[in-house]
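Below, chains carry the letters A, B, ... as their sequence lines are ordered, and counting in each starts from 1.
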Amino acid sequence: MSTNNDAAQLATLIQKFNEPILQSWFEQLKAKAMTFDSGAGEATRKHCGQLLSLLGSAAQRGQLDNIEGREWDEVRQLLAEVSQNRARQGATPSETAIFVFSLKQALFPFLRSELEKQPEALASATWAITGLLEQLGLYTVQVFQESRDRIIARQQQELLELSTPVVKLWQNILALPLIGTLDSARTQVVMENLLQKIIETGAAIAIIDITGVPTVDTLVAQHLLKTIAAARLMGADCIISGIRPQIAQTIVHLGVNLEDVITKATLADAFLIALERTGAKITLDNKG
Amino acid sequence: MERIPILRMGKLLLVTIQVDMHDRLAMTLQDDLTDRIVKDEAKGVLIDISALDLVDSFIGRMISNTAAMARVLDASTVVVGMQPAVAITLVELGLTLTGVKTALNVEKGVALLEKSMRR
């Protein structure tokens, strides 16, 4: 009893009972309480049909015990597409796996009635097909996991870029409003953005506003000092603004040395001193 | 032997580093520059490193040493045109070039030197 024989069995079975298997499979999926809206149901039905016919033609050509082979390329491609779609739609991994596993229930009744007279062949075919579907199911879960990971990585990247804008406030004055905790990775992005912007605008002063930074510990302070040192090497002075009273207390208690840096309580104060430094004068019109 | 040219602009000396710095070149530059400061009675030195996109700790220390030497000879040094990647590298190496003036480009560097020389 070779595996080739089992593959041939599967191929004939799918060819012979294509429609009823499909119907039964679809019923299984519905019964497994996978919530469908009409559009998704249609799509699932289409995927079922495609997968079944690809499975049939792949079984005709190849072995059942290894889905890494060339014959299974198309099947794997389709499964990857299905599970990527599901990952995007926010389905759970088990729902995605059930899509493949429930084919077993649809397939085996037909297999049993077909091979009723040959129990050995039946056992062998059942064993081989179970193995195959398990491999395919695991493959979908793996692809599902990978595409979820990719989504998470992309979101992290977007968050990084979103949270570090460098704003030009005035000629030669940049502002860098920091929001959220500063870790090493973010500091790197902040630093690069700031330095790039200094080159682009030729700014002489950068105001780093930490109003949105919830806590300042020694590490955050060190990251800030690094950024300031790098900006100074490029010829731009930095002012730290938006220091809240608690943060001022923490900084002193931690013994962080900010003496070489200009610090201001509010962005307004920092902006004023920056304007003065760049030679601008402000006059208030008393009419209003 | 390869040398980095030193140009005189009035009381200022302009050093533009256009090639990859290796250690011997850096030492030669240090010798040449100190000689020229004395000979030309320069009051300011402008080191343009805008073409330098790779530094190691040795070159970083060399820049900071050169600035210190120039100060001893009564000339103030401005380092101009540092690339962002270079600035980040130097900071990560812990070389913040304390005591060295910096400017974004040659124009701003000259302005800074003239301001400090007027005092």
A.B. asks: Please determine whether the number of non-hydrogen atoms from other residues, nucleotides or ligands lying under 6.0 Å from atom CD of A:E74 exceeds 12.
C.D. replies: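 Incorrect, the count does not exceed 12.
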A.B. asks: Heavy atoms under 4.5 Å from chain A: which residues of residues 54-87 of chain B carry them?
C.D. replies: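 Those residues of residues 54-87 of chain B which have a heavy atom under 4.5 Å from chain A are B:M82, B:Q83, B:P84, B:A87.
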A.B. asks: Mind checking the CE-CD1 spacing from A:M234 to B:I88? Nearest 0.5 Å is all I need.
C.D. replies: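 One finds 9.0 Å between CE of A:M234 and CD1 of B:I88.
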A.B. asks: Do other residues, nucleotides or ligands put more than 12 heavy atoms under 6.0 Å from the CE atom of B:M9?
C.D. replies: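 Counting other residues, nucleotides and ligands, CE of B:M9 stays at 12 neighbours or fewer.
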A.B. asks: Does A:E146 have more than 12 heavy atoms from other residues, nucleotides or ligands lying within 6.0 Å of its CD?
C.D. replies: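 Counting neighbours around CD of A:E146, more than 12 heavy atoms of other residues, nucleotides or ligands fall under 6.0 Å, so yes.
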A.B. asks: Taking A:I198, A:I199, A:L233, A:D260 one by one, which has the highest count of heavy-atom pairs under 4.5 Å against chain B?
C.D. replies: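 Counting heavy-atom pairs under 4.5 Å, the top option is A:L233.
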A.B. asks: Of the backbone (N, CA, C, O) and the side chain (C-beta and beyond), which part of B:T98 lies under 4.5 Å from a heavy atom of chain A, both, or neither?
C.D. replies: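 For B:T98, the contact with chain A is made by the backbone alone.
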A.B. asks: Give a yes or no on this: more than 12 heavy atoms of other residues, nucleotides or ligands lie within 6.0 Å of atom CD of B:E41.
C.D. replies: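 Open: at most 12 neighbouring heavy atoms sit under 6.0 Å from CD of B:E41.
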A.B. asks: Heavy-atom distance under 4.5 Å to chain B: side chain of A:L194, backbone, both or neither?
C.D. replies: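 It is neither, since no heavy atom gets under 4.5 Å.
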A.B. asks: Closest approach of A:A229 and B:T96, non-hydrogen atoms and distance?
C.D. replies: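 Heavy atoms of A:A229 and B:T96 come nearest at CB-CG2, 3.5 Å.
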A.B. asks: Could you name the residues of residues 101-113 of chain B that have a heavy atom within less than 4.5 Å of a heavy atom in chain A?
C.D. replies: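 Residues of residues 101-113 of chain B touching chain A at under 4.5 Å: B:T102, B:A103, B:L104, B:K108.
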A.B. asks: What are the two closest non-hydrogen atoms of B:V100 and A:R232, and how far apart are they?
C.D. replies: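 Heavy atoms of B:V100 and A:R232 come nearest at O-NH1, 3.0 Å.
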A.B. asks: With a sphere of 6.0 Å drawn around CZ of A:R277, does it hold more than 12 non-hydrogen atoms of other residues, nucleotides or ligands?
C.D. replies: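 Atom CZ in A:R277 is not packed in, count stays at 12 or less.
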